[in-house]
Amino acid sequence: MYLNKPKPDPQRKRPAEPSGTGWTGAVARPAPAVAAKSAAGASADLTLKGYALSAKDQHLTLYRADNRDPRSIQRDDGMRVKQHRRLAEIKGLLAQDPKLFEQAHVSSNLSFLVSTAKNEDAGGYADTRAYLYRISVPGLYKFEESPPASSDLRRQPKIYMDTPDFRDATLVLMETSKCTEEVDFLGDIPLRYITDVRQRGGDSFLSLSEYSGSA
């Protein structure tokens with residue numbers, strides 16, 4: 001997570017996920033019955049219950065500190081997750097219980113998400129990675145829980161997507177409910193959204209294509 005407290009490292013090696021569940025292992029979960037559902041079952045219901053559209057045409061500028069060089073990012077057509085899963089499966093897990101999904105990621109960094117931050121400090125990782133990437137995502141629909149939770153502990157994460165219908169969304173992002181400025185992509189970050197890069201110790205950002213051409 002980002003800011004204000006010790007955070008799990010998004011690049012660290014993660015434990016293997018137990019077979020037959022949709023989650024990583026050894027995560028404290030308030031609803032084991034939900035977590036025990038199979039990923040296939042999770043993808044059956046793609047309804048984001050308890051949420052309402054709060055804003056349209058949102059533009060997010062995000063940052064990710066990463067050791068992968070620009071040419072590797074371009075070769076891979078973006079930032080790949082460590083464990084590939086169908087987007088429908090990940091959306092299904094999120095739809096089951098958004099709060100539980102968020103808590104699982106906070107506890108153990110789900111390997112099928114890619115974490116970013118709204119700040120250039122990248123949650124404290126900007127000075128510990130070789131590159132800082134700027135990511136620009138326009139035209140998003142923002143969804144928030146409705147009605148709002150009565151306490152911060154119960155607050156659900158905000159959800160952004162490229163369509164007003166969760167079932168049809170091909171790009172989904174989760175902004176954690178903590179005051180951390182972390183935003184997580186469900187699945188890979190496509191190359192078209194990764195616009196600029198700055199090498200550690202550098203003064204300014206260069207466009208990704210410009211940097212790769214001069215490397």
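Throughout, residue positions are numbered sequentially from 1 according to the sequence presented. What you are looking at is a predicted structure, and each value in this text was computed from that prediction instead of being measured.
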Taking all atoms of both residues into account, what is the closest heavy-atom pair of Val114 and Ile189, and its distance? CG1-CD1, 3.5 Å
With no hydrogens and no angle check, is any side-chain donor or acceptor of Thr195 less than 3.5 Å from a backbone partner on Arg134? yes
For the pair Lys91 (side chain) and Ala169 (backbone), establish whether a donor and an acceptor sit closer than 3.5 Å, ignoring hydrogens and angles. yes
Under 3.5 Å, is there a donor-acceptor pair between the side chain of Ser72 and the main chain of Arg68? no
Measuring only between side-chain heavy atoms, which start at C-beta, is Tyr125 closer than 4.5 Å to Leu132? no
Set out, in order, the CA-CA distance, both residues' side-chain angles and the distance that settles side chain to side chain contact (heavy atoms under 4.5 Å, CB included) for Arg85 and Ser111, then state yes or no. CA-CA 9 Å; Arg85 287 194 126 151; Ser111 58; over 6 Å; no
Looking at Lys158 and Glu145, is there a salt bridge between them, counting it only when a charged N and a carboxylate O are closer than 4.0 Å? no
N/O donor-acceptor pair under 3.5 Å between Asp76 side chain and Met79 backbone: no
I need the minimum non-hydrogen distance between Ser115 and Arg64, along with the two atoms involved. O-NH1, 2.8 Å
The side chain to side chain contact (heavy atoms under 4.5 Å, CB included) partner of Met161 among Leu140, Asp168, Leu48 is Leu48
Kindly indicate whether the side chain of Tyr141, heavy atoms from C-beta on, has any atom under 4.5 Å from the side chain of Gln58. no
Quick one: closest heavy-atom pair of Asn67 and Arg129, and the distance? OD1-CA, 3.4 Å
Is there a side chain to side chain contact (heavy atoms under 4.5 Å, CB included) between Tyr131 and Arg198 once you walk through the steps? CA-CA 6 Å; Tyr131 300 94; Arg198 186 180 73 201; over 6 Å; no
Determine yes or no for a side-chain-to-main-chain donor-acceptor pair under 3.5 angstrom, with Ser54 supplying the side chain and Lys142 the backbone. yes
Counting C-beta onward and ignoring hydrogens, is there a side-chain heavy-atom pair between Ser136 and His59 closer than 4.5 Å? yes
Under 3.5 Å: donor-acceptor pair, side chain of Asp77, backbone of Leu191: no
Indicate yes or no for a side-chain donor-acceptor contact from Asp69 to the backbone of Arg71 under 3.5 Å, with no hydrogens or angles considered. yes
If you measure from CG on Leu208 to CZ on Arg192, what distance do you get to the nearest 0.5 Å? 14.5 Å
Pair Ser177, Gln156 - check side chain to side chain donor-acceptor pair (under 3.5 Å), show working. CA-CA 6 Å; Ser177 61; Gln156 300 282 347; over 6 Å; no
What pair of heavy atoms forms the shortest contact from Ala52 to Ser146, and how long is it? CB-CB, 3.7 Å
Spatial distance of atom OG1 (Thr170) from atom CG (Asp162) [nearest 0.5 Å]: 3.5 Å
Using the rule given for side chain to side chain contact (heavy atoms under 4.5 Å, CB included), can you reason through Leu62 versus Tyr193, listing the C-alpha separation, both sets of side-chain angles and the distance that settles it, and then say yes or no? CA-CA 10 Å; Leu62 306 168; Tyr193 299 121; over 6 Å; no
Verdict with reasoning, Leu53 to Phe143, per side chain to side chain contact (heavy atoms under 4.5 Å, CB included): CA-CA 4 Å; Leu53 179 65; Phe143 287 79; 3.8 Å; yes
Side-chain contact, heavy-atom cut-off 4.5 Å: Phe101 with Gln96? no
Trace of the side chain to side chain donor-acceptor pair (under 3.5 Å) decision for Ser207 with Asp196: CA-CA 4 Å; Ser207 72; Asp196 306 287; 5.4 Å; no
How about Leu186 and Leu173: do any of their side-chain heavy atoms sit closer than 4.5 Å? no
Does the side chain of Ile159 reach to within under 4.5 Å of the side chain of Leu94, using non-hydrogen atoms? yes
Nearest heavy-atom pair of Leu87 and Leu171: which atoms, and what distance? CD2-N, 4.4 Å
Looking only at heavy atoms, which two atoms of Ile135 and Phe185 are closest? And how far apart? CG2-CZ, 4.0 Å
So that I can tick it off, tell me whether Arg167 and Asp165 are bridged by a salt bridge, with the cut-off set at under 4.0 angstrom between side-chain N and carboxylate O. yes
Side chain to side chain, Tyr133 and Thr116, heavy atoms closer than 4.5 Å: no
Side-chain contact, heavy-atom cut-off 4.5 Å: Arg86 with Ile90? no
